[in-house]
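Accompanying notes for the structure given below.
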Amino acid sequence: QVQLVESGGGLVQAGGSLTLSCAASGRIFSINTMAWYRQAPGKQRESVARITSGGSTNYADSVKGRFTISRDNAKNTVYLQMNSLKPEDTGVYYCYITPPITWGQGTQVTVSS
């Protein structure tokens, strides 16, 4: 069984920055993909960024140039550096890994205008 513990969410003004962290623990052998999703109130969960074990990254168009995903394989941890935050970035951010498919509990990010 694998557990994900997220941290780093909070309240920030527009234009500010936050860094999210997600640490995996438990029965981990080799995590391929680590990713961040988010869900705004009244909207579906959407992919924000993902990174493979080889370091390949993919970003949603809405965050390209502002967010950076990275990972520390030795620590089984994935990070999301968020800069130039906008009110529309507000939502619950979820960490995701595979294999095995595991979701974090979510951390709230609120960007005030």
Side-chain angles (χ1 to χ4, degrees):
Q1 192 171 358
V2 176
Q3 296 83 37
L4 300 179
V5 177
E6 300 153 341
S7 61
L11 172 65
V12 65
Q13 288 188 332
S17 298
L18 283 174
T19 300
L20 305 182
S21 300
C22 173
S25 62
R27 295 177 61 83
I28 299 170
F29 297 101
S30 179
I31 302 173
N32 182 2
T33 298
M34 306 185 84
W36 289 94
Y37 286 71
R38 68 185 179 190
Q39 187 166 18
K43 295 188 177 181
Q44 290 188 330
R45 191 173 299 188
E46 63 176 355
S47 176
V48 175
R50 57 179 51 220
I51 183 169
T52 68
S53 57
S56 296
T57 58
N58 182 270
Y59 296 92
D61 287 342
S62 59
V63 307
K64 283 181 181 177
R66 301 188 298 121
F67 290 10
T68 302
I69 189 170
S70 61
R71 62 190 285 174
D72 183 334
N73 291 328
K75 296 181 179 180
N76 291 316
T77 299
V78 62
Y79 306 93
L80 186 67
Q81 174 67 44
M82 305 184 292
N83 298 326
S84 302
L85 282 161
K86 304 176 181 180
E88 50 264 44
D89 294 318
T90 294
V92 179
Y93 283 68
Y94 296 91
C95 178
Y96 166 91
I97 67 166
T98 184
I101 294 176
T102 308
W103 290 91
Q105 79 283 0
T107 186
Q108 177 69 45
V109 171
T110 303
V111 184
S112 63
S113 57

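Taking CD of E46 as the reference point, atom CZ of R38 lies at 4.5 Å (rounded to 0.5 Å). Interatomic distance, CG of N73 versus CD1 of I31, reported as 8.0 Å (0.5 Å rounding). Distance check, rounded to the nearest 0.5 Å: CG of L80 to OG1 of T68 gives 8.0 Å. Going from atom OG1 of T102 over to atom OH of Y94 covers 15.5 Å, rounded to the nearest 0.5 Å. With values rounded to the nearest 0.5 angstrom, S84 atom OG is found 9.0 Å from F67 atom CZ. Here the OG-NZ distance, from S25 to K75, works out to 14.5 Å after rounding to the nearest 0.5 Å.
Judged as a side chain to side chain donor-acceptor pair (under 3.5 Å), and not counting sequence neighbours, N76 has no contacts. Applying the side chain to side chain donor-acceptor pair (under 3.5 Å) rule to S17 yields the partners N83; only residues at least two apart in sequence or on another chain are considered.
Between P87 and S113 the shortest heavy-atom distance is CG-CB, 3.8 Å. Closest non-hydrogen pair, V78 versus C95, comes out as CG1-SG, 3.8 Å. The nearest pair of heavy atoms linking A24 to L4 is CB-CD2, 3.5 Å. Between M34 and I97, the shortest heavy-atom distance links the atoms CE-CG2, 3.9 Å. For the residue pair A40 and T90, the shortest heavy atom distance occurs at CB-O, 3.7 Å.
Panel note: side chain Q39, backbone V92; no donor-acceptor pair is recorded below 3.5 Å. R50 contributes no side-chain N or O that, together with a main-chain N or O of S56, makes up a donor-acceptor pair within less than 3.5 Å.
Between S53 and R71, the closest side-chain pair of non-hydrogen atoms falls below 4.5 Å. Side-chain contact between S7 and T107 is absent, with no heavy-atom pair separated by less than 4.5 Å.
Cluster membership check: L85 does not share its hydrophobic cluster with Y79, using side-chain heavy-atom separations under 4.5 Å among Ile, Leu, Val, Met, Phe, Trp and Tyr.
No option in L11, V12, D89 other than L11 meets the side-chain contact (heavy atoms from CB on, under 4.5 Å) test with T110.
Applying the ring-ring contact (aromatic ring centres under 6.0 Å, His included) test to residues at least two apart or on different chains, the pairs with a partner in residues 2-39 are Y37-Y96, Y37-W103.
Remark: the S112 side chain and the Q13 side chain contain no N/O donor-acceptor pair separated by less than 3.5 Å.
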